[in-house]
Amino acid sequence: MEQQNPWTPAAPPRSSSTGLIVGLAVGGAMLLLLIVAAGGIFAYSLLKSQQNSAPQGDPDEIVLRQEPGSGPALRYGTTPVYDACSLVTIDGLSRLDVSLSRDYFVAHEHLDADVPVSAAITADTPDPISNCFYMLSSEDSLHVRVHQTPFNSSDELTRMQERATRQNAAVVAEAGMSSVAWHDDEYESQHLVIWRPELVVDISLRSEDSDGTLDPASFMPRLESLVRSGLSSPPTAPIRHTYLAPFDKVKDPCAAASVEAYRAAFPSAPGAPSMVDGSYRLDAPIPDSQRGFGKSREAQLSCTRNNIVPRGTLNPDHRSLQVDLSVWTAEKAADRSNYVNCAPSYKSRHADPVPITPPVGTRKSCLADYDTDWLLKFQVSNVNVTVGDGDTDGKPDVSARRDQLVSVRLVLIFMESLPRGIAGT
């Protein structure tokens with residue numbers, strides 16, 4: 001019987017293993033033993049991929065979908081939080097006769113778990129508590145940002161409302177909410193701000209092409225009606241991004257950039273590691289360089305997990321862990337990308353990749369030089385994986401980055417990839 005693809009969500013979630021996390025703190029000799037053991041177990045447990053013969057699906061169909069999140073709305077302290085992508089969904093845009101561009105990502109920033117009262121600080125930052133980004137087929141970019149107390153301060157929300165009311169546009173007050181819509185001539189963008197006490201939703205629509213087909217004069221009022229309707233109901237759990245075949249078994253990258261992985265990378269980082277920023281490509285076009293490998297299709301996914309600290313990214317204690325996944329329908333295409341990622345940098349200003357031995361996953365694994373940082377690159381079956389620290393301040397020593405990211409790699413393998421009973425439950 002074939003083994004489960006380690007990056008697909010067939011098994012129910014397992015509880016984290018305290019013993020595993022403690023084990024990751026052991027010194028260099030034990031770490032080396034764990035790496036060797038992980039490599040052997042991993043090779044034994046991986047499936048023999050069937051992706052080369054799997055149905056390719058309709059190449060013209062957009063395979064990215066959204067599903068309602070499970071459970072109640074997440075809470076920041078005692079406050080249920082609105083999710084930006086749940087207020088403006090792909091289906092909601094479709095009902096407004098608006099489609100997405102296949103050449104860009106959908107970006108979704110949101111809480112990944114409840115934040116207890118003790119950790120629910122006022123971040124003292126203009127950043128939203130939830131953010132949703134769509135690029136439309138009309139070449140207009142749509143941003144939806146949700147600001148709520150106590151994540152955002154009451155003073156910051158008041159400033160946002162005051163800026164909106166200074167735009168020489170009419171304020172519409174209805175059903176306990178106020179709104180202002182206006183056009184910014186300098187940046188060729190439309191703006192809509194909707195607010196009520198302790199909540200501001202800031203929406204911008206910017207044209208990337210003067211020949212775009214979207215008519216803001218008719219679209220923005222309908223979009224406002226959509227958002228007001230969502231705000232008239234209680235918050236819901238963050239929406240989930242999923243794929244149709246042939247990518248219907250792909251994990252969410254934020255499950256790989258897990259809390260366990262984050263804690264392994266940054267064991268002393270303060271704050272709750274509960275803010276995630278995921279990006280999901282609809283279905284990347286087939287590169288010419290891959291057409292010899294069964295015309296493999298590719299889904300590109302990424303997630304960055306951040307801790308919530310005062311002043312956000314401006315705080316020296318801010319940390320982020322990023323995991324990028326390239327999922328191919330043909331494993332040979334993933335093999336080729338893996339080879340390129342870890343091949344010597346021929347006539348390049350970058351240093352040569354540093355091999356990880358014994359290798360991680362199914363092919364080569366290395367630390368690759370990306371100007372200001374070293375990124376861990378490896379392959380699991382038909383998936384190319386990149387793991388990095390998004391808060392690099394000066395290029396680290398390669399050995400320091402290896403020690404940090406190999407720990408993360410161990411968590412990814414043991415917590416997400418190996419059969420139940422090996423990782424511990």
Quiz item: Any side-chain heavy atom of I121 sitting closer than 4.5 Å to one from Y76?
Solution: yes

Practice problem: Step by step, work out the side-chain hydrogen bond (donor to acceptor under 3.5 Å, both in side chains) result for S153 and D155. | Solution: CA-CA 5 Å; S153 69; D155 289 345; 5.3 Å; no

Quiz item: For S365 and C342, which heavy atoms make the closest approach, and how far apart are they?
Solution: C-SG, 3.8 Å

Self-check item: Validation row: R145, I203 side chains within 4.5 angstrom (heavy atoms)
Solution: no

Exercise. Answer yes or no: is there a donor N or O on one side and an acceptor on the other, between the side chain of S258 and the main chain of C254, under 3.5 Å?
Key: no

Practice problem: Please examine the side chains of E156 and V200, heavy atoms only from C-beta on, and report whether any two atoms are closer than 4.5 Å. | Solution: no

Exercise. Give a yes or no answer on whether the side chain of N152 reaches the backbone of Q148 with a donor-acceptor pair at less than 3.5 Å.
Key: yes

Quiz item: So, D335 and R363, do they make that salt bridge, N to O below 4.0 Å?
Solution: yes

Self-check item: Exam field: side chain Y104 to backbone E139, donor-acceptor pair closer than 3.5 Å
Solution: no

Quiz item: Heavy atoms, side chains only, cut-off 4.5 Å: are V63 and D248 in contact?
Solution: no

Quiz prompt | Heavy-atom check, side chain of T329 versus side chain of P246, under 4.5 Å | solution = yes

Quiz item: Are V201 and V193 close enough that some pair of their side-chain heavy atoms sits under 4.5 Å apart?
Solution: no

Quiz item: So, does T158 use its side chain to make a donor-acceptor pair with the main chain of S154 at under 3.5 Å?
Solution: yes

Self-check item: pair R281-L301: side-chain heavy atoms closer than 4.5 Å
Solution: no

Quiz item: Taking the side chain from S130 and the backbone from E109, do they hold a donor-acceptor pair closer than 3.5 Å?
Solution: yes

Quiz item: Quick check: does any side chain N or O of R263 sit under 3.5 Å from a backbone N or O of A269, one acting as donor and the other as acceptor?
Solution: yes

Quiz item: Any side-chain heavy atom of R297 within less than 4.5 Å of one from F247?
Solution: yes

Practice problem: Evaluate side-chain hydrogen bond (donor to acceptor under 3.5 Å, both in side chains) for T304 paired with S320, printing each intermediate quantity in order. | Solution: CA-CA 6 Å; T304 303; S320 61; 5.9 Å; no

